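The model shown is predicted, which means the values in this text are computed figures rather than measured ones. Atoms within each ligand, like the ligands themselves, are counted from 1 in listed order.
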Amino acid sequence: MAISRPGKYVWIDGELVPWDQATVHVTKLGWSTMGAVFEGISAYWNPEQEQLYGLQFAEHYARFLNSMKLMRMETRFSVGDLVQASIDLLRAEEVREDVRVRPLAYHSEGTWFGTLLDSPTSIVISVAPFTSGLGTGQRLRACVSSWDRISDNQLSPRIKCISNYQNSRMALIEATLRGYDQPIILNSQGKVTEGPASCLFIVRNGVAITPSITSGILESITRQSILQICREVLGIPTQEREIDRTELYIADEVFFCGTGAEIRSVVSVDDYVIGSGEIGPITSAIESYYHDIVRGRENRYAHWRVAIYSRVEQTA
Ligand code: PMP
């Protein structure tokens with residue numbers, strides 16, 4: 001059954017709450033120092049196997065707890081608890097399509113200004129439909145943003161704090177108004193960082209190159225997975241290093257990656273055509289292998305997936 005809009009439940013602090021009752025009083029949102037962190041997680045439906053695969057749930061919740069820790073938010077829930085909560089929610093929703101699982105931790109007794117340390121933290125998890133772009137041949141036109149990426153000593157881009165996404169939003173709005181699909185954001189040293197909600201790879205002379213984890217990027221799970229797939233399966237050499245702006249323009253291939261972005265080819269940057277202007281062979285090989293992993297067709301990285309429906313339930 002397709003998940004309805006709205007869904008049936010929201011998981012809130014250990015309970016599956018009916019959708020209509022999952023409300024918050026407007027004054028609890030806080031005001032000038034609203035504090036929240038979030039995650040973006042995917043689950044893919046495999047129609048042949050009649051199975052829903054949660055992707056890298058434990059990795060996402062480990063990062064979620066790191067985001068909370070950095071923002072000094074307390075919680076009684078462990079990675080294991082939150083993985084189980086997500087499984088319970090997907091089962092309760094009877095999901096049989098690709099979806100996003102969306103956890104948010106926020107100060108639930110919002111304060112008006114100040115430390116927020118006196119406000120308790122709530123965790124809510126909801127599910128939303130997701131349209132995968134894998135295998136659809138999408139090609140993006142990107143531009144270099146005029147906005148700098150926030151840095152580790154300002155608001156750390158390493159974590160998923162909602163405030164960071166105002167920086168992403170400014171860059172995305174600017175790119176959209178200029179007629180591009182996505183911006184590529186540079187750090188204040190002028191080096192390439194990432195997209196507004198994805199990491200970035202370039203390919204030069206057969207080497208897949210991505211900015212290092214200290215260049216002002218999110219600690220991306222997909223970036224790490226791609227580095228692993230390149231090294232362990234596809235035999236593609238990799239480098240994690242600074243990337244200059246002009247390397248974007250003369251790269252053979254450029255692609256964004258992320259749990260939501262998946263693997264998305266960039267065919268021009270600032271109107272410089274990348275390679276032949278088509279999806280490159282390395283981007284294509286990575287995308288196709290990644291697609292097989294997430295849909296449960298490739299078992300080398302089966303430990304990245306959690307099967308939501310057990311065999312007993314499937315046959316019942
Ligand atoms: N950078 C940013 C700013 C993001 O929001 C995302 C999406 N979570 C990514 C990179 C990709 O991270 P991941 O591979 O963990 O989804």
Over 60° means perpendicular and under 30° means parallel, so tell me whether Y249 and Y272 are parallel, tilted or perpendicular.
parallel
Results of side-chain hydrogen bond (donor to acceptor under 3.5 Å, both in side chains) for R241 - residues two or more places apart only:
Q239, E247
Donor + acceptor pair across side chains of S268, D271 (<3.5 Å)
no
Go through E262 and R264 one step at a time and tell me if the salt bridge (charged side-chain N to carboxylate O under 4.0 Å, His left out) criterion holds.
CA-CA 6 Å; E262 302 171 311; R264 213 150 278 199; 3.5 Å; yes
Compute whether any side-chain donor of one residue and acceptor of the other, for Y301 and R305, lie under 3.5 angstrom apart.
no
What short N/O contacts, under 3.5 Å, does ligand 1 make with the protein, listed by atom pair and distance?
unit_1, atom_1, unit_2, atom_2, d
ligand 1, 1 (N), E194, OE1, 2.7
ligand 1, 5 (O), K160, NZ, 3.1
ligand 1, 5 (O), Y165, OH, 2.5
ligand 1, 8 (N), K160, NZ, 2.7
ligand 1, 12 (O), S220, OG, 3.4
ligand 1, 14 (O), S220, OG, 2.7
ligand 1, 14 (O), I221, N, 3.3
ligand 1, 14 (O), T222, N, 2.8
ligand 1, 14 (O), T222, OG1, 2.5
ligand 1, 15 (O), R63, NH1, 2.7
ligand 1, 15 (O), R63, NH2, 3.1
ligand 1, 15 (O), I221, N, 2.8
ligand 1, 16 (O), T259, N, 2.9
ligand 1, 16 (O), T259, OG1, 2.5

Ring centroid separation F255 to F201 under 6.0 Å
yes
